[in-house]
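To start, the structure under review is shown below, and the notes come after it.
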Amino acid sequence: MALLLLKMAARRLPFVVVPSVRSKQSNKFYDVNLYRFYSLSYCKLRYESKLRSRNNYQLSFRESSSKKIASGPDLQDFIAGVVPRGSTYEDYQGELVRNIDDRKSRLRLPPWLKTKIPVGENYHKLKETLRSLNLHTVCEEARCPNIGECWGGGEYGTATATIMLLGDTCTRNCRFCSVKTSRTPPPPDPNEPKNTAQAIADWNLDYVVLTSVDRDDIPDGGASHIASTVIELKQRKPSILVECLTPDFAGDLLAVEKVALSGLDVYAHNIETVREYQSHVRDRRANYDQSINVLKHAKKVRPENITKTSIMLGFGETDDMVKATMEDLRVADVDCLTIGQYMQPTKTRLKVTEYVTPEKYKFWEEYGNKIGFQYTASGPLVRSSYKAGEFYLRNLVQRRLSHTLQDK
């Protein structure tokens, strides 16, 4: 009975040995885990051994942590930086292509992809306005690197944001995207078209981009909701130019028509990557031919609309794959193309396989213009919606509208 009580008491103590109650010798201890007696000298050696092991572990942990810190991001990865004056991408000594056989390997951000930390009066003012109206932007949800330039005013003076309709939760789970996902997102706000239109009209913009998450849970994929927003906006401000960056509506061409005929000026849908990497990058419900058909049909139902798409580089695609994709888009009569660098938004998303150099992006811009795109924007930080592109498209739309009026 005494031994049983001893075992029960010992389990509550932080030590594994207690004085023996059976032994009359004071230098023997009882191990409650092994149910054995040991001498005091043995227990002392055992304690010292455990202490050394713990110290060795702590030392090893500190050394491994130091190595991680040394090989990880440095101060320049957190402070906005630019390529030093007079240098080129060739001066960069870091790796640009990831070893795909090493699953733990990760490329460091090259200097030409580092951007300024978002600050400034316009940035904070726009952010507060969006929050007060419960509006979402793809700029924030997709962690766009150009948010500081676009929201802050930048080269063209007016702060712009890409408004995301139908909530901030997508029904798809593309491996490159950081937007929240769910099979059953909250229902759309029925007042969103009017509220969004009124807010944008009050901002006094001359060009706006509307986009949306995929809503496979809605019969028409949210096409009526998007079209209503465009109609409301054009009623309040007829002069504003509207670009809609749409989902593929699961290939529903009637849904595509609803948006294309809503009065927008630019119909955009992103094909995202080359044919060979579609299943690797995008949700299984999306595919290359489905996206091509969306763009082709949008142009067919309203030829005066400008059609636009975007692809990302950095998944491991070859030059021949990129050329084939660009040529397929021209066959579909797509007017504008943007090409940018894929950047891993979170640790759970796809890793970057390659950082493409600025020189290569320049090559793709020249190639796109050569094969007949009205406008090709190609660069490491180019995104499907960004300030310089909108500035150019505004002029392109206005020229096309003036020619249409003259023909009539």
Side-chain angles (χ1 to χ4, degrees), residues 176 209 211 241 243-249 251 253 256-257 259-261 264-282 286-342 356 358-380 382-386 388-401 403-404 407:
F176 65 88
V209 182
T211 188
L241 301 180
E243 174 183 333
C244 285
L245 176 57
T246 71
D248 59 18
F249 303 115
L253 298 184
V256 174
E257 286 186 23
V259 179
L261 299 175
L264 55 73
D265 302 286
V266 179
Y267 191 108
H269 169 66
N270 290 344
I271 200 166
E272 307 296 4
T273 186
V274 299
R275 180 187 289 274
E276 290 81 357
Y277 281 85
Q278 291 281 319
S279 60
H280 177 63
V281 172
R282 303 177 78 188
N287 66 75
Y288 187 85
D289 292 319
Q290 185 167 277
S291 290
I292 290 285
N293 288 335
V294 166
L295 291 162
K296 188 182 295 184
H297 195 69
K299 173 65 78 173
K300 178 182 177 182
V301 297
R302 194 165 186 267
E304 56 266 37
N305 281 346
I306 290 175
T307 50
K308 174 184 169 187
T309 193
S310 178
I311 59 175
M312 296 175 287
L313 303 183
F315 297 114
E317 60 286 320
T318 65
D319 286 1
D320 287 341
M321 293 177 186
V322 178
K323 285 181 178 179
T325 300
M326 294 172 74
E327 288 162 5
D328 287 343
L329 292 170
R330 284 302 304 128
V331 171
D333 202 18
V334 174
D335 296 303
C336 302
L337 172 66
T338 63
I339 305 174
Q341 172 70 53
Y342 166 64
V356 180
E359 183 186 54
K360 193 68 176 181
Y361 283 107
K362 183 65 176 176
F363 168 81
W364 289 125
E365 181 177 337
E366 293 172 352
Y367 184 80
N369 294 333
K370 178 181 177 181
I371 64 174
F373 285 106
Q374 294 287 325
Y375 172 61
T376 308
S378 178
V382 167
R383 293 296 178 264
S384 55
S385 297
Y386 79 112
E390 291 161 17
F391 180 78
Y392 181 90
L393 285 174
R394 182 184 64 189
N395 295 329
L396 182 60
V397 170
Q398 290 171 342
R399 287 201 304 270
R400 183 165 292 189
L401 287 174
H403 290 160
T404 302
D407 293 340

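Each residue takes its place number in the sequence, starting with 1. All values below come from the heavy atoms of this structure, side chains included, with hydrogens, waters and symmetry mates left out.
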Do other residues, nucleotides or ligands put more than 12 heavy atoms under 6.0 Å from the NZ atom of Lys300? no
Pick one: which of Asp335, Ile292, Ile271 meets side-chain contact (heavy atoms from CB on, under 4.5 Å) with Thr309? Ile271
Are the side chains of Met326 and Trp364 in touch, meaning some heavy atoms are under 4.5 Å apart? yes
Is there side-chain contact between Tyr342 and Val281, with at least one heavy-atom pair below 4.5 Å? no
Taking C-beta and beyond as the side chain, do Lys296 and Val334 meet within less than 4.5 Å on heavy atoms? no
Hey, are the side chains of Leu241 and Val266 touching, using non-hydrogen atoms and a 4.5 Å cut-off? no
Do you know which two heavy atoms are closest between Arg302 and Ala260, and how far apart they sit? CD-O, 3.5 Å
Quick check: closest heavy atoms across His269 and Thr246, and the distance to 0.1 Å? ND1-O, 2.9 Å
Any donor and acceptor pair, going by atom type alone, linking the side chain of Ser310 with main-chain N or O of Thr338 inside 3.5 Å? yes
Taking Thr211 for its side chain and Leu245 for its backbone only, find out whether a donor-acceptor pair lies under 3.5 Å. yes
Salt bridge (charged side-chain N to carboxylate O under 4.0 Å, His left out) contacts in which one or both residues fall within residues 322-334, not counting sequence neighbours: none
Taking the six-membered ring for Trp, are Tyr367 and Phe363 parallel (under 30°), tilted (30 to 60°) or perpendicular (over 60°)? parallel
Yes or no on side chain to side chain contact (heavy atoms under 4.5 Å, CB included) for Tyr267 and Val256, after CA distance, side-chain angles and deciding distance? CA-CA 10 Å; Tyr267 191 108; Val256 174; 3.5 Å; yes
Non-hydrogen side-chain atoms of Glu272 and Ser291 separated by less than 4.5 Å: no
In short, Leu295 meets Lys308 closest at the heavy-atom pair CD2-O, 3.6 Å
Can you list the steps and then say if Phe373 with Leu329 is a side chain to side chain contact (heavy atoms under 4.5 Å, CB included)? CA-CA 9 Å; Phe373 285 106; Leu329 292 170; 3.9 Å; yes
Starting at CD of Gln278, measure out to OG1 of Thr273 and round the result to the nearest 0.5 Å. 6.0 Å
Which residues pass the side chain to side chain contact (heavy atoms under 4.5 Å, CB included) test with Gln290, not counting sequence neighbours? Asp248, Asn287
For the residue pair Thr325 and Arg275, what are the closest heavy atoms and their distance? OG1-N, 4.0 Å
Any chance you could measure Lys299, atom NZ, to Asn305, atom CG, to the nearest 0.5 Å? 7.0 Å
Exercise: identify the closest heavy-atom pair between Ile306 and Cys336: CG2-SG, 3.9 Å
With the side chain counted from C-beta on, respond yes when Leu313 and Ile339 share a heavy-atom pair under 4.5 Å apart, and no when they do not. yes
Measure across Phe315 and Tyr277 and return the closest heavy-atom pair with its distance rounded to 0.1 Å. O-CE2, 3.3 Å
Compute whether any side-chain donor of one residue and acceptor of the other, for Gln341 and Tyr361, lie under 3.5 angstrom apart. yes
